Protein chains: 2
Amino acid sequence: MLADLVYKTILKDLEKRIFDNEFPAKKLPDERTLTSQYGVSRSSIKRALNVLANEGIVFKKRGSGTFVNPLYLKNRSLFNYEGSNLGVTDSMRADGKKPGIKVLDFSVIPATKEMQTDLFLAAEDFVYQIRRLRLLDDQPVMIETGYIPIKIAPELSRTIVSGSIFNYLEDKKNQTVTKSFLSIEAQPSTEEDQKLLNLTPQEPVGVMSGIFFLDDGTPFELSNMRLHYQYMKYNALVELK
Amino acid sequence: MLADLVYKTILKDLEKRIFDNEFPAKKLPDERTLTSQYGVSRSSIKRALNVLANEGIVFKKRGSGTFVNPLYLKNRSLFNYEGSNLGVTDSMRADGKKPGIKVLDFSVIPATKEMQTDLFLAAEDFVYQIRRLRLLDDQPVMIETGYIPIKIAPELSRTIVSGSIFNYLEDKKNQTVTKSFLSIEAQPSTEEDQKLLNLTPQEPVGVMSGIFFLDDGTPFELSNMRLHYQYMKYNALVELK
DNA sequence: AAGTGGTCTAGACCACTTC
DNA sequence: AAGTGGTCTAGACCACTTC
């Protein structure tokens, strides 16, 4: 029960109090006051406040106090940031649209130099090459090319990759993909992009490429995703400096 | 002296030890061992390890231990992620190229509804409208349109916005821009994009738009940046779920 | 049962801001 | 000088993994 954690309880309560406009002056009580209000240690208060600060809901200023981000009250939807359209079945379903997958290629190839580096492989290792077209309500939205070492998931099959590979890992092998390094760019569409994603030559793709990791840190997949430009929107809260 | 902080010292030392391949089995000593090795509290060890985990340099697994990301050893450059080409003078200079600014428009307009919401303004408020072309080594790379409430920086001038506005704020007004909400997309180039950024109609722009905040949480600027697609590459470490 | 990371406490002392 | 957030300690107890 994650909700039972002290700092999470306080976190949610503070979120609610902020949203209920309990601090119209945009200033939260100081940490020592919160400590006695909630009857917990100052560390737990700090932890809750740190999460709020990381989410951009409050700003802390040493010596002055902790302040509510005025935007949070007016526009809470902004605060559901971070990677809207990742190429993950789950996040696609979240939009209320029905996700679909069409397998374009499923084969085994020797690992290239880049794969050897990024997936931590030896020169003689092989990888699955998996090309899939992702759909939302039968609309093609993304061409995904993934490379997965056969030694990590030797039993992969065309049938398995017709569904969510991440879900398969979690359900059948009790392994979780928890992190990824991604780089995000815009690129002109290639002829193949245009054909598969119904784009005109003037319409671009958004490209997200990178590495997915299992939760013990094993690099699991090298991935390249080319998205219909209207379906890529990446939101981030950026710390400057 | 930030470097004097206990957890930062340990952080840097661990980073060095990892890079020197002092843990060939990819497993760090457990936290209690590190505690006695460094002669500090376990909290400080945890703090250092948490930073390393957030940076993707190590992975922690409850019950098992803390593991080195193998990629860190092979490809450290990957780990300088997070927002390469933000439209900030400083980050541009970092590439070794000489940044330039050409002011396209500097005027005052009434705040639109969107600006009222995002910049927390009243209906009768005015904003500076600042359109600038950003250059790197005389190459145009970005069209930046910014809206700044006049009441936050009433003394802004065409001369000031010919340089870095953020640096001006920091030097002259002792205010810092520390955070921003950004959304990142790909879009076909408009005719204006093509003219100003030397693009063909097939070449797209990367669009980064959002809000910049001062360190007390005041929304400072609404910004829209249209980048030559070859100059936008956003790197992120993404936590899944 | 032993190992290992996660949560939480109570309190000391420091650093920056405001008055 | 008073207010307020930041760093750090020492230690208790919990939860998950491995053997």
Side-chain angles (χ1 to χ4, degrees), chain A residues 1-14 23 25-54 57-69 170 173-176 178-179 214-218 239, chain B residues 1-14 23 25-54 57-68 170 173-176 178 214-218 239:
Chain A
M1 282 298 103
L2 287 178
D4 288 335
L5 293 179
V6 170
Y7 84 92
K8 285 213 175 168
T9 310
I10 291 167
L11 174 61
K12 284 188 181 134
D13 191 61
L14 282 173
F23 313 110
K26 304 278 164 278
K27 191 168 189 305
L28 261 59
D30 72 279
E31 296 183 351
R32 282 136 180 113
T33 303
L34 289 172
T35 297
S36 66
Q37 270 184 16
Y38 283 102
V40 300
S41 72
R42 192 169 154 219
S43 318
S44 296
I45 295 294
K46 284 184 102 55
R47 183 156 188 182
L49 289 177
N50 279 336
V51 176
L52 290 175
N54 286 336
I57 295 173
V58 304
F59 288 75
K60 297 164 135 197
K61 228 187 157 181
R62 154 129 73 165
S64 321
T66 301
F67 302 88
V68 176
N69 183 340
E170 210 160 336
K173 306 197 65 181
N174 200 31
Q175 285 186 302
T176 322
T178 48
K179 272 194 180 174
L214 300 178
D215 61 356
D216 64 355
T218 313
E239 213 78 37
Chain B
M1 285 294 106
L2 287 178
D4 288 336
L5 293 180
V6 171
Y7 84 93
K8 286 214 172 166
T9 309
I10 291 166
L11 174 61
K12 284 189 181 134
D13 191 60
L14 282 173
F23 314 110
K26 303 279 163 277
K27 193 170 187 305
L28 260 59
D30 73 278
E31 296 183 351
R32 281 136 181 111
T33 303
L34 289 172
T35 296
S36 66
Q37 271 184 16
Y38 284 101
V40 300
S41 72
R42 194 170 155 221
S43 318
S44 296
I45 295 294
K46 285 185 102 56
R47 184 156 188 183
L49 289 176
N50 279 335
V51 176
L52 290 175
N54 285 336
I57 294 173
V58 305
F59 288 77
K60 298 163 137 198
K61 227 186 158 182
R62 156 128 75 163
S64 321
T66 301
F67 303 87
V68 176
E170 210 161 335
K173 306 196 65 181
N174 200 31
Q175 286 185 301
T176 324
T178 48
L214 299 178
D215 62 355
D216 64 355
T218 313
E239 213 77 38

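This structure is a prediction, so every number in the text was calculated from the model and none was measured. Order of the sequence lines sets the chain letters (A, B, ...), proteins ahead of strands, with each chain counted from 1.
When the C1' atom of D/dT7 is taken as reference, atom NZ of A/Lys46 falls 8 Å away, rounded to whole Å. For the pair A/Glu31 CD and D/dT4 C1', the computed distance is 8 Å after rounding to whole Å. A straight line from OH of A/Tyr38 to C1' of C/dT9 spans 18 Å, rounded to a whole angstrom. Following rounding to the nearest Å, A/Asn50 (CG) and D/dT7 (C1') show an atom-to-atom distance of 12 Å. Atom C1' of nucleotide D/dG5 and atom CG of A/Leu49 are separated by 10 Å, given to the nearest angstrom. Residue B/Asp4 contributes atom CG, which lies 14 Å from atom C1' of D/dC8 at whole-angstrom precision. Between the CD1 atom of A/Ile45 and the P atom of C/dC8 there is a distance of 11 Å, rounded to whole Å. Following rounding to the nearest Å, A/Leu5 (CG) and C/dT9 (C1') show an atom-to-atom distance of 15 Å.
For A/Val51, the side-chain contact (heavy atoms from CB on, under 4.5 Å) test picks out A/Tyr7, A/Leu11, A/Glu55, with sequence neighbours left out. With sequence neighbours left out, the side-chain contact (heavy atoms from CB on, under 4.5 Å) criterion links A/Ser43 to A/Ser41. Looking at residues two or more places apart in sequence or on another chain, you find no side-chain hydrogen bond (donor to acceptor under 3.5 Å, both in side chains) involving B/Ser64. B/Arg62 is linked by a side-chain hydrogen bond (donor to acceptor under 3.5 Å, both in side chains) to nothing, counting only residues two or more places apart in sequence or in another chain. Residues that satisfy the side-chain contact (heavy atoms from CB on, under 4.5 Å) test with B/Ser36, not counting sequence neighbours, are absent from this structure. For the side-chain hydrogen bond (donor to acceptor under 3.5 Å, both in side chains) test, no residue two or more places apart in sequence or in another chain qualifies with A/Lys179. Here B/Thr33 pairs with B/Asp30 under the side-chain hydrogen bond (donor to acceptor under 3.5 Å, both in side chains) rule; sequence neighbours left out.
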Task: Bracket string, DNA chain D, 5' to 3' - pairs by Watson-Crick or G-U geometry under 3.5 Å, | interstrand - done: ||||||||||||||||||.
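Proximity of a side-chain donor or acceptor of B/Thr35 to a complementary backbone N or O of B/Glu31 within less than 3.5 Å is detected. Looking only at distances, no side-chain donor or acceptor of A/Thr218 sits under 3.5 Å from a matching main-chain atom of A/Leu214.
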- [ ] List the protein contact pattern of nucleotides 10-19 of chain C with one symbol per nucleotide (5' to 3'): B for base contact, S for sugar-phosphate-only contact, - for none; contact means a heavy-atom distance under 4.0 Å.
- [x] B--B-BBBS-
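Here the side chain of A/Arg47 is nearest to one of D/dG5, C/dT7, C/dG5, namely C/dT7.
Between A/Lys60 and the phosphate of D/dT4, there is no side-chain N or O to OP1/OP2 separation shorter than 4.0 Å. Side-chain nitrogen and oxygen atoms of A/Ser44 include at least one within less than 4.0 Å of the OP1 or OP2 phosphate oxygen of C/dT9.
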